[in-house]
Peer 1: 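Once you've had a glance at the structure underneath, I'll fire off some questions.
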There are 2 protein chains.
Amino acid sequence: MATSRSHRPATRSRGIPEATVARLPLYLRALTTLSERSVPTVSSEELATAAGVNSAKLRKDFSYLGSYGTRGVGYDVEYLVYQISRELGLTQDWPVVIVGIGNLGAALANYGGFASRGFRVAALMDADAALAGKLVAGLPVRHIDELEAIVEDNQVSIGVIATPAGAAQEVCDRLVTAGVTSILNFAPTVLQVPEGVDVRKVDLSIELQILAFHEQRKAGEQGQGPDGDVPAVMPA
Amino acid sequence: MATSRSHRPATRSRGIPEATVARLPLYLRALTTLSERSVPTVSSEELATAAGVNSAKLRKDFSYLGSYGTRGVGYDVEYLVYQISRELGLTQDWPVVIVGIGNLGAALANYGGFASRGFRVAALMDADAALAGKLVAGLPVRHIDELEAIVEDNQVSIGVIATPAGAAQEVCDRLVTAGVTSILNFAPTVLQVPEGVDVRKVDLSIELQILAFHEQRKAGEQGQGPDGDVPAVMPA
DNA sequence: TAGATTGTTAATCGATTAACAATC
DNA sequence: TAGATTGTTAATCGATTAACAATC
């Protein structure tokens, strides 16, 4: 949701809208499931249902990639998997580092979805020296002192921050200085980054708060009703 | 991002746009930080910077809530904290259950952001009987068999699913049947839910794929350049 | 009063959707 | 050929932004 993409007129690298880019992984997942079931072709209607969108939107999205379907028939599953993967850049190898190996960092390290999609965990790092050498998801945790060397040696361009909020900005700065240009941030902080660096944020608390907002509305509908609108008084 | 809100014309429960609702937690976090520093008032410009948005957007967002600022002065921090909390429904208690206590579930249970905002973890549940009784974040893990009883006894309306993809839909069905009407889903699956149930999805793999897309563009800009456009041939 | 800053307007932009001509 | 389904158009809708009048 919060992506800083200041290096470009945004939303149309090569003409593909951000909203479309954000849905390509959904299509890809649905297609991968079909592929595993050896389904040869799929219609926009079927695929849209599987991905949880409507078919008009899906066809519009695909139209930005090219004309990969066949009228009257649908889309070739394997061909589309390849085209979307290529478009997303998943046909190449992306070494990532995960910084902060608490429960969350460990969960990320163990997450199967990483490896299966061209993302390779190059290293796990933590500031806690006591953790160094410990195996997590089969990889030894390394001390944060090694950050710069690891990023450079492995040509890491994507960093995942799973540290406490207080450490996030410093880790971010070090990653960026070492050459990382994309950051996935799980710490509940707004990160400041220079131009050309992308930050995406995953915030558990924010998602819950949005749910609470809607939940509150549901309760209001059924029973007690909203308790008045804007108060007329101002703060003291 | 993927929310099904079929019980309403969406995007304007009481007139507040979805995009605005999604930003209220950001403002709230920035305001909480200011509050802790005992800052009495803040301008839209300062607060916007802290939240990572521009000030025009912030003022527009706040205008949906009411006129809580003072021209020439700014916003009273405490007052605004209260108003946004109230709007989001955080002035009440929200019991939540977390289902699936692997690394991710444990990370969620330990996440401080929950408790601090009216969210109370009513129970941790897992299908693995061997885990039952084990303490995680000070709470005993309970067996999934108890799901219905726990949801009913605690009046839980928000459920968090941190199970493997294969188990997610069944857990979701059971939660919904037991009375849960909002679900935060960490499993990489599209959940089917009846009308009136909200689902929000957090997907680690999707966020990484979006980063990879932009990362690929950056590489293309500097060096090798995009390798031709839409191919002229169709699948075999 | 003069300076500062909000709240709102209006223009612009991007995303969604229905409908259907093109075409397999 | 007849039926099915894509790819695209055009209308609509929602979100963003700059600018500024209102007003503290």
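Proteins come first, then strands; the chains are lettered A, B, ... in the order of their sequence lines, and each starts at number 1.
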Peer 1: Under 3.5 Å, sequence neighbours excluded: what are the donor-acceptor pairs made by side chains of residues 170-186 of chain A?
Peer 2:
from: A:Asp173; atom 1: OD1; to: A:Gln169; atom 2: NE2; distance (Å): 2.8
from: A:Arg174; atom 1: NE; to: A:Glu148; atom 2: OE2; distance (Å): 2.9
from: A:Arg174; atom 1: NH2; to: A:Ile144; atom 2: O; distance (Å): 3.0
from: A:Arg174; atom 1: NH2; to: A:Glu148; atom 2: OE1; distance (Å): 3.0
from: A:Thr177; atom 1: OG1; to: A:Asp173; atom 2: O; distance (Å): 2.8
from: A:Thr181; atom 1: OG1; to: B:Glu215; atom 2: OE1; distance (Å): 3.0
from: A:Thr181; atom 1: OG1; to: B:Glu215; atom 2: OE2; distance (Å): 2.5
from: A:Ser182; atom 1: OG; to: B:Glu215; atom 2: OE1; distance (Å): 2.4
from: A:Asn185; atom 1: OD1; to: A:Ala187; atom 2: N; distance (Å): 2.9
from: A:Asn185; atom 1: ND2; to: A:Ala187; atom 2: O; distance (Å): 3.1
from: A:Asn185; atom 1: ND2; to: A:Thr189; atom 2: O; distance (Å): 3.1

Peer 1: Does OP1 or OP2 of D:dT6 have a side-chain N or O of A:Thr70 closer than 4.0 Å?
Peer 2: no

Peer 1: Could you state the CD-C1' distance from A:Glu18 to D:dA15, rounded to the nearest angstrom?
Peer 2: 15 Å

Peer 1: I'd like to check the side chain to side chain donor-acceptor pair (under 3.5 Å) partners of B:Thr41; sequence neighbours left out, ordered by chain and number.
Peer 2: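 Not a single residue meets the side chain to side chain donor-acceptor pair (under 3.5 Å) criterion with B:Thr41.
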
Peer 1: Hey, could you give me each pair passing salt bridge (charged side-chain N to carboxylate O under 4.0 Å, His left out) that has a residue in residues 64-73 of chain B? Not counting sequence neighbours.
Peer 2: none

Peer 1: Tell me which residues in residues 49-62 of chain B lie within less than 4.0 Å of DNA chain C, going by non-hydrogen atoms.
Peer 2: B:Arg59, B:Lys60

Peer 1: Would you indicate, yes or no, if C:dC20 has its OP1 or OP2 atom less than 4.0 angstrom from a side-chain nitrogen or oxygen of A:Arg71?
Peer 2: no

Peer 1: Write out the stems for DNA chain C, ordered by first number and formatted as range with range, counting runs of at least 3 consecutive Watson-Crick or G-U wobble pairs under 3.5 Å.
Peer 2: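 Stem list for DNA chain C: C:3-24 with D:3-24.
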
Peer 1: Distance check: side-chain N/O of A:Tyr75 vs OP1/OP2 of D:dG7, anything under 4.0 Å?
Peer 2: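 Yes, because at least one side-chain N or O of A:Tyr75 sits under 4.0 Å from OP1 or OP2 of D:dG7.
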
Peer 1: Please identify which of these residues, B:Tyr79, B:Tyr75, B:Tyr68, meets the ring-ring contact (aromatic ring centres under 6.0 Å, His included) condition with B:Phe62.
Peer 2: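 That would be B:Tyr75.
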
Peer 1: Mind checking side-chain contact (heavy atoms from CB on, under 4.5 Å) for A:Ala50 and listing every partner two or more places apart, or none if nothing turns up?
Peer 2: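 Listed in chain order: A:Ala30.
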
Peer 1: Looking at every non-hydrogen atom in both residues, tell me the closest pair between B:Gly89 and B:Trp94 and how far apart they are.
Peer 2: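 Shortest heavy-atom separation between B:Gly89 and B:Trp94 comes out as O-NE1, 2.7 Å.
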
Peer 1: Could you give all pairs that pass the salt bridge (charged side-chain N to carboxylate O under 4.0 Å, His left out) test and reach residues 111-121 of chain B, with sequence neighbours left out?
Peer 2: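 Every salt bridge (charged side-chain N to carboxylate O under 4.0 Å, His left out) pair that includes a residue of residues 111-121 of chain B, provided the two are not neighbours, is B:Asp93-B:Arg120.
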
Peer 1: What is the separation between atom CG on A:Leu47 and atom C1' on D:dT6, rounded to the nearest whole Å?
Peer 2: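 These atoms are roughly 13 Å apart.
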
Peer 1: Sort and list the pairs that fulfil salt bridge (charged side-chain N to carboxylate O under 4.0 Å, His left out) and have at least one residue in residues 35-64 of chain A, not counting sequence neighbours.
Peer 2: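 Residue pairs with at least one partner in residues 35-64 of chain A: A:Arg23-A:Asp61.
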
Peer 1: Roughly, in whole Å, what's the span from OH in B:Tyr68 to P in C:dT8?
Peer 2: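 Whole-Å distance recorded here is 12 Å.
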
Peer 1: What integer distance in Å separates B:Ile16:CD1 from D:dA15:P?
Peer 2: 12 Å

Peer 1: Nearest heavy-atom pair of A:Gly100 and A:Thr163: which atoms, and what distance?
Peer 2: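 Distance-wise, the nearest heavy atoms are CA-CG2, 3.9 Å.
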
Peer 1: If the condition is side chain to side chain donor-acceptor pair (under 3.5 Å), which residues does A:Ser35 pass it with, not counting sequence neighbours?
Peer 2: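 Here the qualifying residues are A:Glu78.
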
Peer 1: Let me spell it out: for each of B:Glu45 and A:Thr20, pick the nucleotide of DNA chain C with the closest heavy atom. Which residue's pick is nearer the 5' end?
Peer 2: B:Glu45

Peer 1: By the definition side-chain contact (heavy atoms from CB on, under 4.5 Å), identify the one residue from B:Ile206, B:Val202, B:Asp203 that meets it with B:Pro188.
Peer 2: B:Asp203

Peer 1: I need the residues from residues 27-35 of chain A with at least one non-hydrogen atom less than 4.0 Å from DNA chain C; give them sorted by number, or say none.
Peer 2: none

Peer 1: Rounded to the Å, how far apart are B:Tyr64 OH and C:dG7 P?
Peer 2: 14 Å

